[in-house]
Amino acid sequence: MTDLTGRTALVTGASRGIGRAIAERLASDGALVAVHYGRNETAAKETVAAIQRAGGQAFAVRADLAEIAELDDLFAALRDGLAGRPLDVLVNNAAVIDYSATIEGATPEAFDRLFAVNVRAPLFVTQRALPLMPDGGRIVNVSSGVTWFATPEVVYSMSKGALNVLTRSLAHTHGGRGITVNTVSPGITETDMNAWLTDDPEAARGVARIVALGRHGQPADIADAVAFFASDDGRWVTGQTLEVNGGLLLGPPSAA
Ligand code: NAP
């Protein structure tokens, strides 16, 4: 049962990509969803409108997660939208990648920005969300497969490694309240972050060859896994990382 009727959720980075799909899925399961965005108000409004057209409930909340002071705005808007209700589900999804932040190309500024959005923001969003969360609440952190397969974008990978640590630590400290904390770790998924997948058909074919199920992921493939952790069905799973990637790099490419 992934019914979330009567529950509420905050999904960061829900204006586009995987976050949008998560927001739509949790809303279709019955949750009132706070659709967080950073810059793209139009896309956030589209997400809210799509949820409402499908019969769900949602409202938008804005904050640049690179700016710690803006968390005040996020939580003020969240409290307004929840109108006295608790926050049952938090999905820390928003993140940025910097393809130039390799070992040769990384700068202190790029490092600080990636860690501000991908690590500092989830930590402090969670810190502020926990007092709003009832016992039995749910936290899902969206990490990445780059924590176990090596890529040149080392700063992004390091930030996702830190997020995985946050999951395990919080699962340990908050289990007594019945709060589960898990990581969903997408593989290669078609979003704006991976524009190269749609720009270059050969690149997409190359990805398909290293994925057991023979294609790259779509945002809904990830959202459905998040819905499990957010639901009552996920009640006995905490501190875990689920790789949601169609069988990425399971072995040498098959001849089939
Ligand atoms: P995306 O399409 O680039 O969307 C990123 C989202 O995060 C947008 O909603 C964006 O808001 C928000 N965001 C980015 N920077 C922000 C900031 N400074 N302040 C506030 N919001 C900000 O990304 P995605 O591919 O859906 O990725 C979602 C999650 O999956 C990320 O954690 C990513 O690391 C992870 N992931 C993705 C893949 C993949 O293949 N796509 C693979 C592994 C893991 P605005 O629209 O307002 O800018």
Side-chain angles (χ1 to χ4, degrees), residues 10-25 33-48 50 58 60-71 73-74 77-78 90-99 101 110 112-122 124-125 140-149 151 153 155-164 166-167 183-198 203-204 207-208 210-211 215-223 225-226 241-246 248-249:
L10 166 63
V11 182
T12 67
S15 47
R16 299 182 281 120
I18 291 168
R20 175 176 173 155
I22 295 168
E24 290 187 331
R25 171 63 203 261
V33 179
V35 170
H36 162 266
Y37 69 100
R39 296 185 182 161
N40 206 328
E41 184 178 11
T42 306
K45 282 183 172 166
E46 277 170 22
T47 305
V48 169
V61 295
R62 198 203 75 82
D64 181 350
L65 295 180
E67 303 294 333
I68 199 75
E70 294 200 10
L71 294 191
D73 303 333
L74 195 170
L78 179 66
L90 168 63
V91 183
N92 284 309
N93 165 77
V96 281
I97 192 166
D98 182 341
Y99 287 102
D112 287 349
R113 179 167 173 77
L114 282 165
F115 270 73
V117 177
N118 298 2
V119 182
R120 187 179 68 186
F124 288 103
V125 167
V140 182
N141 293 322
V142 180
S143 183
S144 172
V146 297
T147 53
W148 61 266
F149 66 86
T151 62
E153 297 83 23
V155 181
Y156 173 76
S157 308
M158 289 169 70
S159 75
K160 291 303 190 177
L163 191 65
N164 288 7
L166 177 65
T167 292
T183 296
V184 164
S185 186
I188 301 163
T189 312
E190 188 178 314
T191 69
D192 296 342
M193 190 178 271
N194 278 336
W196 53 270
L197 269 176
T198 37
V207 168
I210 58 170
V211 174
R215 63 171 176 84
H216 60 260
Q218 293 296 329
D221 296 324
I222 314 303
V226 172
T241 298
L242 183 64
E243 304 295 334
V244 185
N245 59 26
L248 177 63
L249 294 172

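As a basis for the values below, the full set of heavy atoms in this structure was taken, side chains included, without hydrogen atoms, waters or symmetry mates. Each ligand, and each atom within it, is numbered from 1 in the order the structure gives. We count residues from 1, following the sequence as given.
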- Message: Does ligand 1 come near enough to Ser144 that some N or O of the ligand is less than 3.5 Å from an N or O of the residue?
- Response: no

- Item | atom 13 (N) of ligand 1: nearest protein contact (heavy atom, Å) | Ala94 CB, 4.0 Å

- Message: So for ligand 1, is Gly38 a polar contact partner (N or O within less than 3.5 Å, distance only)?
- Response: yes

- Item | Distance-minimising heavy-atom pair for Tyr156 and Val96 | CD1-O, 3.3 Å

- For Val96, atoms of ligand 1 separated by under 4.0 Å from a heavy atom: 14 (C), 15 (N)

- Of Asp64, Ile97, Ile22, which has the heavy atom at the shortest distance from atom 17 (C) of ligand 1? Asp64

- Query: Salt bridge check: are Asp192 and Arg20 linked by an N-O gap of less than 4.0 Å?
  - Reply: no

- Looking only at heavy atoms of Ala63, does any of them come nearer than 4.0 Å to an atom of ligand 1? yes

- Task: Could you please spell out the steps behind the side chain to side chain donor-acceptor pair (under 3.5 Å) verdict for Thr183 and Asn141?
- Result: CA-CA 5 Å; Thr183 296; Asn141 293 322; 4.9 Å; no

- Message: Could you identify the single nearest non-hydrogen protein atom to atom 32 (O) of ligand 1 and state the distance to 0.1 Å?
- Response: Asn93 O, 2.6 Å

- Query: Given the rule in the side-chain contact (heavy atoms from CB on, under 4.5 Å) test, do Tyr37 and Val11 qualify, once you have shown the distances and angles that lead to the verdict?
  - Reply: CA-CA 9 Å; Tyr37 69 100; Val11 182; over 6 Å; no

- Item | Heavy-atom nearest neighbour in the protein, as seen from atom 21 (N) of ligand 1, with distance rounded to 0.1 Å | His36 CE1, 3.4 Å

- Task: Determine, stepwise, if the pair Asp221 / Arg215 fulfils side-chain contact (heavy atoms from CB on, under 4.5 Å).
- Result: CA-CA 12 Å; Asp221 296 324; Arg215 63 171 176 84; 2.9 Å; yes

- Relative to atom 5 (C) of ligand 1, which among Gly17, Pro122, Ala95 owns the nearest non-hydrogen atom? Ala95

- Message: Can you tell me which residue among Val146, Ile222, Thr241 is in a side chain to side chain contact (heavy atoms under 4.5 Å, CB included) with Ser185?
- Response: Thr241

- Without swapping roles, check the side chain of Thr12 against the backbone of Asn93 for a donor-acceptor pair under 3.5 Å. yes

- Query: Can Ala14 be said to touch ligand 1, with heavy atoms closer than 4.0 Å?
  - Reply: yes

- Item | Nearest non-hydrogen partners of Leu163 and Pro122, listed with the distance | CD1-CB, 3.7 Å

- Query: How close does the nearest protein non-hydrogen atom get to atom 9 (O) of ligand 1, and which residue and atom is it?
  - Reply: Ser15 OG, 2.7 Å

- Heavy atom of the protein closest to atom 33 (C) of ligand 1 (residue, atom name, distance): Tyr156 OH, 3.5 Å

- What protein heavy atom is closest to atom 30 (O) of ligand 1, reported as residue, atom name and distance in Å? Val142 CG1, 3.4 Å

- Query: How far is atom 37 (C) of ligand 1 from its nearest protein heavy atom, and which residue and atom is that?
  - Reply: Ile18 CD1, 3.7 Å

- Note on the structure: dist Leu65:CG -> Arg120:CZ (nearest 0.5 Å) comes out at 9.5 Å

- Tell me, which protein residue and heavy-atom name are nearest atom 38 (C) of ligand 1, and how many Å apart are they? Gly187 O, 3.8 Å

- Rounded distance (nearest 0.5 Å) linking atom CD1 of Ile97 with atom CD of Glu153: 5.0 Å

- Item | ligand 1 versus Val117: contacting region, heavy-atom distance under 4.0 Å | side chain

- Task: For ligand 1, note which part of Ser143 has a heavy atom under 4.0 Å away: side chain, backbone, both or neither.
- Result: backbone

- Short list, please: which atoms of ligand 1 are under 4.0 Å from a heavy atom of Ile188? 40 (O)

- Of the side chain and backbone of Lys160, name the one, both, or neither that has a heavy atom under 4.0 Å from an atom of ligand 1. side chain

- Task: Just let me know how Ala121 lines up against ligand 1, side chain, backbone, both or neither, with a heavy-atom cut-off below 4.0 Å.
- Result: neither

- Message: Can you name the atoms of ligand 1, numbered from 1 with element, that are less than 4.0 Å from a heavy atom of Asp192?
- Response: 2 (O)

- Query: Looking only at heavy atoms, which two atoms of Val211 and Gly246 are closest? And how far apart?
  - Reply: CG1-O, 3.3 Å

- Task: Identify the heavy atoms of Ala34 and Leu78 that sit nearest to each other, and give their distance.
- Result: CB-CD1, 3.6 Å

- Taking only heavy atoms of Asn40, which atoms of ligand 1 are found under 4.0 Å from at least one of them? 45 (P), 46 (O), 47 (O)

- Message: Looking only at distances, can you tell me whether any N or O atom of Gly13, backbone or side chain, sits closer than 3.5 Å to an N or O atom of ligand 1?
- Response: yes

- Message: If you compare all heavy atoms of Arg16 against all heavy atoms of Ala43, which two are closest, and at what distance to 0.1 Å?
- Response: CG-CB, 4.0 Å

- Query: Any side-chain heavy-atom pair from Leu74 and His36 closer than 4.5 angstrom?
  - Reply: yes

- Specify side chain, backbone, both or neither for Asn194, according to which of its non-hydrogen atoms lie closer than 4.0 Å to ligand 1. side chain

- Distance filter under 4.0 Å to Arg39 heavy atoms, resulting ligand 1 atoms: 45 (P), 47 (O), 48 (O)

- Could you tell me the separation between the CG atom of Asn164 and the CG atom of Leu166, rounded to the nearest 0.5 Å? 9.5 Å

